[in-house]
Number of protein chains: 2
Amino acid sequence: MDETRPGDHPPRILVVDDEAAIRRLLSTVLESSGFVVHLAENGSLGLAAAAAVRPDLILLDLGLPDLDGVEVIRRLREWSQTPIIVLSVREREDDKVGALDAGADDYLTKPFGVPELLARIRGSLRRVVGQAPEPVFRSGGLEVDLARRLVSLAGQEIQLTPTEYEILRLLVTHAGKVLTHRQLLSRIWGASHLEQPHVLRVNISNLRRKIERDPSRPSLLLTESGVGYRLRAEP
Amino acid sequence: MDETRPGDHPPRILVVDDEAAIRRLLSTVLESSGFVVHLAENGSLGLAAAAAVRPDLILLDLGLPDLDGVEVIRRLREWSQTPIIVLSVREREDDKVGALDAGADDYLTKPFGVPELLARIRGSLRRVVGQAPEPVFRSGGLEVDLARRLVSLAGQEIQLTPTEYEILRLLVTHAGKVLTHRQLLSRIWGASHLEQPHVLRVNISNLRRKIERDPSRPSLLLTESGVGYRLRAEP
DNA sequence: GAAAACCATCAAGAACGTATCAAGACAAAA
DNA sequence: TTTTGTCTTGATACGTTCTTGATGGTTTTC
């Protein structure tokens with residue numbers, strides 16, 4: 001848990017290629033580099049998969065059986081900014097220019113070296129980070145900026161201790177849902193403290209003193225008696 | 001090409017190449033495509049020009065007489081997100097991977113086709129639209145000019161040691177966010193020092209003595225106890 | 001409604017994290 | 001070589017956070 005990343009997931013890559021051998025190769029290579037790989041064997045399926053999977057990056061073969069590659073790029077670009085790297089056997093310059101102008105981010109001619117492919121993928125993904133708007137949780141007068149690790153109440157910045165912040169972070173990322181005592185205890189203090197709800201209560205109390213307008217009548221950090229705690233999410 | 005563009009100006013392109021013939025060629029080609037072209041014949045001049053001209057895109061030859069191309073990329077990336085397209089005679093995959101991982105956006109092997117170059121330039125520029133971060137950080141009385149490696153407090157220039165500057169640079173490029181001890185340690189001292197926060201503390205202390213009005217009551221370089229440090233960003 | 005289980009809060013000491021000074025090691029420049 | 005500046009390390013004092021037990025309030029169960 002250190003670097004800020006787009007989401008929290010390992011990057012998803014969609015591979016659109018009609019040759020089974022290439023799909024297999026890329027699948028292996030990419031997965032062993034820590035990516036989650038989705039496969040599609042023609043243009044229509046690729047478009048459908050892109051909409052369904054919302055990949056972080058698309059590897060697209062230009063020579064598809066059903067649709068022209070440039071057409072696929074154009075259709076994708078109608079609704080998505082996801083980086084597209086084109087893979088193609090065509091050396092003709094017109095093809096490259098066409099693909100790039102249609103909105104592709106990069107163009108690699110087969111056969112390509114795997115290290116170069118991976119470097120270009122890293123580059124494209126790196127560029128997307130930072131453009132993504134950072135999610136800020138808001139409810140009541142409370143604002144929690146997870147990316148900046150900043151909490152404020154009614155515009156006033158608030159100082160939280162590490163444990164307090166960690167509790168709040170868990171609640172925010174499951175806003176609206178109940179987190180049981182055991183869930184909170186195990187994720188913050190570890191399995192050994194499962195039967196010691198006291199330490200959790202003290203921290204919840206301290207947290208409320210900081211983030212609630214009236215700590216004695218909580219409106220955000222709610223107790224679910226006998227179960228756990230819940231953070232009220234705004235409608 | 002009437003896309004939305006960064007500023008109001010025609011895009012400025014900086015060409016860094018030691019071969020006069022290539023500079024002439026690119027200059028002609030790019031100007032006739034509507035770009036404003038600036039030229040530099042080696043790495044140091046290129047870095048200076050980038051800081052002075054603030055180009056929208058940089059075309060960089062890897063084989064420069066003074067600095068290694070990858071080094072130039074790294075130095076640029078310390079303060080600038082400007083797209084960099086590398087032009088090189090080197091075919092070796094290692095070179096490509098190195099340049100891309102250092103932060104280059106694209107890599108073209110000479111000889112390249114002019115239409116393809118133009119297409120890649122259009123692509124890179126298209127992607128950048130909307131992001132034009134000011135490379136001078138200001139907050140409190142502090143000014144940090146990342147391009148010129150210049151720091152001043154209340155108009156007075158300040159002398160920082162390399163490590164101090166590096167810490168400040170990291171904080172500035174993540175202004176407002178908390179950088180954990182581990183992030184700072186690993187990026188400045190390397191993974192081996194992850195468990196030695198002492199050396200970081202001493203340096204933070206020294207840094208505060210130089211950039212804070214009242215070092216005993218920090219107003220810019222804030223401690224997040226148990227977590228790390230944060231540079232206050234102005235609203 | 002009473003008993004039992006659960007929950008909130010306070011306060012104090014222990015444990016842990018942080019700031020600063022100063023001395024020695026080291027490296028680059030004169 | 002000496003000088004100069006920088007980095008590392010140790011010692012020490014200071015500050016914050018965590019844990020724990022005591023006490024009293026609240027909710028659930030029967």
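Quick caveat, the model's predicted, so the values are computed rather than measured. In the text below, chain A, chain B and the rest are named by the order of the sequence lines, each starting its count at 1.
- Remark: of the listed residues Leu207(B), Leu146(B), Leu170(B), Leu146(B) is the sole one forming a side-chain contact (heavy atoms from CB on, under 4.5 Å) with Tyr165(B).
- There is no side-chain donor-acceptor pair under 3.5 Å between Thr223(B) and Arg201(B).
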**Prompt:** Are Lys210(A) and Glu164(A) close enough, and set up right, to give a salt bridge (Lys or Arg N to Asp or Glu O under 4.0 Å), and what steps lead you there?
**Reply:** CA-CA 10 Å; Lys210(A) 294 184 181 177; Glu164(A) 285 162 5; 2.8 Å; yes
**Request:** Could you walk me through whether Ser80(B) and Thr82(B) pass the side-chain hydrogen bond (donor to acceptor under 3.5 Å, both in side chains) test, one step at a time?
**Result:** CA-CA 6 Å; Ser80(B) 161; Thr82(B) 307; 2.8 Å; yes
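- Contact annotation: Arg209(A) side-chain N/O to dT9(C) OP1/OP2 distance is not under 4.0 Å.
- Residue contacts for Pro218(A): at a heavy-atom cut-off of 4.0 Å it reaches no nucleic acid atom on any strand shown.
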**Asked** Which letter, B, S or -, goes with each nucleotide of nucleotides 24-30 of chain D from 5' to 3', with contact meaning a protein heavy atom under 4.0 Å?
**Response** ---S---
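- Among Leu30(B), Val15(B), Asp56(B), the single residue meeting the side-chain contact (heavy atoms from CB on, under 4.5 Å) criterion with Phe35(B) is Leu30(B).
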**Request:** Check the pair Val36(A) / Ile13(A) against side-chain contact (heavy atoms from CB on, under 4.5 Å), numbers first and verdict last.
**Result:** CA-CA 6 Å; Val36(A) 172; Ile13(A) 297 185; over 6 Å; no
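- Applying the 6.0 Å contact sphere to CD of Glu116(B) captures more than 12 heavy atoms from other residues, nucleotides or ligands.
- Look at Arg208(B) and you'll find a side-chain N or O under 4.0 angstrom from OP1 or OP2 of dA19(C).
- The heavy-atom pair separating Arg169(B) from Glu78(B) by the smallest distance is NH1-O, 3.4 Å.
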**Request:** Could you encode protein contacts along nucleotides 7-15 of chain D as a string, one character per nucleotide from 5' to 3', using B for base contact, S for sugar-phosphate-only contact and - for no contact, with a heavy-atom cut-off of under 4.0 Å?
**Result:** SSBBB----
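- Side chains of Asp66(B) and Ser44(B): a donor-acceptor N/O pair is present below 3.5 angstrom, by distance only.
- Counting non-hydrogen atoms of other residues, nucleotides and ligands closer than 6.0 Å to CD of Glu224(A) gives a total above 12.
- Looking at heavy-atom distances under 4.0 Å, Tyr229(A) makes contact with sugar-phosphate atoms alone, never a base.
- Remark on the helix from dG1(C)-dC30(D) to dA30(C)-dT1(D): inter-end axis angle 40°, axes from five-pair C1' superpositions, rounded to 10°.
- Phosphate contact (OP1/OP2 of dA8(C), side-chain N/O of Thr223(A), threshold under 4.0 Å): present.
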**Message:** Between Leu200(A) and Val202(A), is the side-chain contact (heavy atoms from CB on, under 4.5 Å) condition met? List the steps.
**Reply:** CA-CA 5 Å; Leu200(A) 174 60; Val202(A) 174; over 6 Å; no
